[in-house]
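Not measured: the values here are computed from a predicted model. When a residue number appears, it is its place in the shown sequence, counting from 1. As the structure lists them, so they are numbered: ligands from 1, and atoms in each ligand from 1.
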Amino acid sequence: TVRTAMLEVADLQAFYGESHVLHGVNLEVRQGEVVTLLGRNGAGKTTTMRSIMGIVGKRTGAIRFQGRELIGMAPHRIPRLGIGYVPEERGIFASLNVEENLTLPPVVKDGGMTVQQIYELFPNLQGRGSTQGTRLSGGEQQMLAIARILRTGATMILLDEPTEGLAPVIIEQIGVAVRKLKQRGFTVLLVEQNFRFAATIADRHYMMEEGHVVDMIPNNQLAANMEKLHTYLGV
Ligand code: ATP
């Protein structure tokens with residue numbers, strides 16, 4: 001079956017003030033795929049995500065989500081189309097407890113996960129409803145941040161380095177959750193530095209260097225491309 005792209009980014013250029021950061025990013029994500037953006041620090045991965053969400057000063061080119069052009073659209077309208085963004089700095093309410101974090105966010109679109117479904121996806125959060133955000137571990141905070149976005153009804157999720165700073169056992173739990181989301185038909189675009197983790201969940205990998213996508217490697221060809229990968233990631 002031929003699946004059309006859910007998200008299509010074509011010749012995307014982005015600027016922070018005078019600073020030209022993305023120089024023509026091209027990529028696509030099909031419905032139900034898990035796709036990663038890999039690359040060194042400063043390659044432009046976060047800026048690509050921020051550009052999709054409309055939170056970069058100026059951008060040109062095309063970003064189409066389900067056929068709709070996002071460039072020029074008011075940033076507050078973009079999540080309502082069903083795209084959710086979990087930034088690297090997570091974005092939970094630290095002074096609120098887990099339950100409050102899960103019930104407070106505005107439902108921007110019908111069909112968001114229920115709190116019960118969230119607890120099934122992230123068993124670690126179950127029973128922690130009255131625990132305050134500041135008392136959660138880094139992994140639990142990451143899970144809560146993803147959960148908040150799932151509550152909004154987003155069907156495409158952008159995750160910026162969800163595994164950063166987390167212990168291997170927690171990274172594995174996040175991997176399990178992402179695989180479950182894929183089984184349920186969610187579409188995921190993931191920024192990662194940890195390509196070993198990326199290889200356990202992704203269908204394809206885009207390599208970024210200096211504001212460009214320079215290569216695309218299907219996951220089943222990753223092992224055969226290790227040398228290339230090491231060059232791109234500088235590891
Ligand atoms: P990292 O893993 O470090 O976040 P990245 O691949 O996500 O790396 P970006 O954060 O997108 O890279 O940064 C791309 C370039 O844009 C870098 O050179 C960075 O210094 C620059 N940059 C990022 N944010 C800003 C900003 N707010 N103002 C000016 N330049 C910025």
TODO: Heavy-atom distances under 4.0 Å are what count here, so tell me which part of T46 touches ligand 1: side chain, backbone, both or neither.
DONE: both

- [ ] With heavy atoms under 4.0 Å as the rule, classify the contact between Q193 and ligand 1 as side chain, backbone, both or neither.
- [x] side chain

Open item on the list: So that I can tick it off, tell me whether R40 and E209 are bridged by a salt bridge, with the cut-off set at under 4.0 angstrom between side-chain N and carboxylate O.
Closed with: no

Task: Salt-bridge present (E69, R77; N to O < 4.0 Å) - done: no

For [X] and [Y], which I'm curious about, is there any donor-acceptor pair between the side chains at under 3.5 Å?
{"X": "Y232", "Y": "D215", "value": "yes"}
{"X": "T134", "Y": "Q132", "value": "yes"}
{"X": "Q13", "Y": "H20", "value": "yes"}
{"X": "T163", "Y": "E192", "value": "yes"}
{"X": "N41", "Y": "Q193", "value": "yes"}

Give the atoms of ligand 1, by number and element, whose distance to some non-hydrogen atom of [X] is under 4.0 Å.
{"X": "R40", "result": "6 (O)"}
{"X": "T47", "result": "9 (P), 11 (O), 13 (O), 14 (C)"}
{"X": "A43", "result": "5 (P), 6 (O), 12 (O)"}
{"X": "E161", "result": "2 (O)"}

Give me the residue, atom name and distance of the protein heavy atom closest to [atom].
{"atom": "atom 12 (O) of ligand 1", "result": "G44 N, 3.2 Å"}
{"atom": "atom 23 (C) of ligand 1", "result": "Y16 CE1, 3.5 Å"}
{"atom": "atom 18 (O) of ligand 1", "result": "G42 O, 4.1 Å"}
{"atom": "atom 15 (C) of ligand 1", "result": "V21 CG1, 3.4 Å"}

Open item on the list: Which residues pass the side-chain contact (heavy atoms from CB on, under 4.5 Å) test with T187, not counting sequence neighbours?
Closed with: M6, V29, Q31, M156

Open item on the list: Nearest non-hydrogen contact with atom 6 (O) of ligand 1 belongs to which option: E18, K45, M208?
Closed with: K45

Open item on the list: Please compare N41, D160, T48 and report which has the shortest non-hydrogen distance to atom 2 (O) of ligand 1.
Closed with: N41

Task: CD/Q126: more than 12 non-hydrogen atoms of other groups inside 6.0 Å - done: yes

Task: Contact bool for atom 31 (C) of ligand 1 (protein heavy atom, d < 4.0 Å) - done: yes

